[in-house]
Amino acid sequence: MDKLPVYIAKRYLLLLAGLSIMAFGVAFSIKASLGTSPISSVPYVVSLFAPLTVGTATIVMHCVFILLQILILRKNYHPIQLMQLPVAVFFGYLTDFGVWAVRGIHCSTYWQQWIVCLIGILLVAAGVSLEVKAGVVVLAGEGVVLAICKVLPKIKFGYMKVGFDVTLVVIACILSFTFTGHLQGVREGTVAAALLVGLIAKQIGKLLMGWKLEGEPEKEETAG
């Protein structure tokens, strides 16, 4: 039992590591200028016309997602999910730090943009894998999808996630045309992120399956 607190602490550290890597992935995607990932498309576009940084806009968006979860689940909403709020704040400020950290990277050619974009996709995928491995709390975006799936159990998570991402991209496009006059934040890199992040995260997740955190309880073997 004395190992349990250490195990829980390591799970939270793993979550923070995953969020840090993911935030830098978002920063690389923004730097590539080929379009951000679907979940970051709305905050990025908002940062172009509002007095908000990408990170601050991300925090605001996640607060909206948390509110949506409460409205969707009502009495079935578990207060522990409010842990998504400090996670969102951490992720948002770290995203701004990542954008500042990669400011010295310059892409003078299209292929260089793609290299930076792919680095961003790989980092986001790795961050997602660590977040899942930690198993502590999901980001508010995934929380909304899970909430909808809970009230509409016939819809699979994968299909709902795709629909949710498409909705975010559409919102980003509408905001971009409305407030900047042309399309920004959504390009071929957005499509690449939508297609590759999940696939790469799944492969990394398989590699992490055999990795056990110190103090992790042993799973009981069932007879049969």
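Heads up: numbering here begins at 1 and tracks the sequence. Remember, predicted model here, so these are calculated numbers, not experimental data. No hydrogens, no waters, no symmetry mates; every other heavy atom, side chains included, goes into these values.
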**Request:** Using the side chain to side chain contact (heavy atoms under 4.5 Å, CB included) rule, take Cys173 and Leu183 through it: C-alpha gap first, then chi angles, then the decisive distance, then the call.
**Result:** CA-CA 6 Å; Cys173 291; Leu183 184 63; 3.7 Å; yes
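Within the 3.5 Å criterion, the main-chain N or O of Gly185 finds no donor-acceptor partner in the side chain of Ser41. A donor-acceptor contact shorter than 3.5 Å links the side chain of Ser47 to the backbone of Tyr44. Put simply, the side chain of Thr190 never gets that close to the backbone of Ser37: no donor and acceptor are under 3.5 Å apart. One N or O on the side chain of Ser20 and one on the backbone of Leu16 form a donor-acceptor pair closer than 3.5 Å. Lys31 contributes a side-chain N or O that, together with a main-chain N or O of Ile105, makes up a donor-acceptor pair within less than 3.5 Å.
Residues Leu196 and Val162 fall into different hydrophobic clusters, defined by Ile, Leu, Val, Met, Phe, Trp and Tyr side chains chained together at heavy-atom separations under 4.5 Å.
Between the CG atom of Leu67 and the OH atom of Tyr77 there is a distance of 9.5 Å, given to the nearest 0.5 Å. In this structure, CZ on Arg187 lies 7.5 Å from OG on Ser33, to the nearest 0.5 angstrom.
Listed by first and then second residue, the side chain to side chain donor-acceptor pair (under 3.5 Å) pairs involving residues 140-163 are Lys161-Asp165 (not counting sequence neighbours).
Classification of the Trp114-Tyr110 ring pair by plane angle, with boundaries at 30° and 60°, yields perpendicular.
Atom CG of Leu71 has more than 12 neighbouring heavy atoms from other residues, nucleotides or ligands inside a 6.0 Å radius. By the neighbour-count criterion of 12 heavy atoms within 6.0 Å, atom CZ of Arg74 is sparsely surrounded, having that number or fewer from other residues, nucleotides or ligands.
Side chains of Val124 and Ile200 form no contact here, defined as non-hydrogen atoms less than 4.5 Å apart. Phe90 is not listed as a side-chain neighbour of Leu15, based on a closest heavy-atom distance of 4.5 Å or more. Within the 4.5 Å cutoff, no side-chain heavy atoms of Leu122 are placed close to those of Leu118. Counting heavy atoms from C-beta on, the side chains of Leu139 and Met22 come closer than 4.5 Å.
Checking Gln81, His78, Gln84 one by one against Gln69, the side chain to side chain donor-acceptor pair (under 3.5 Å) holds for a single residue, Gln84.
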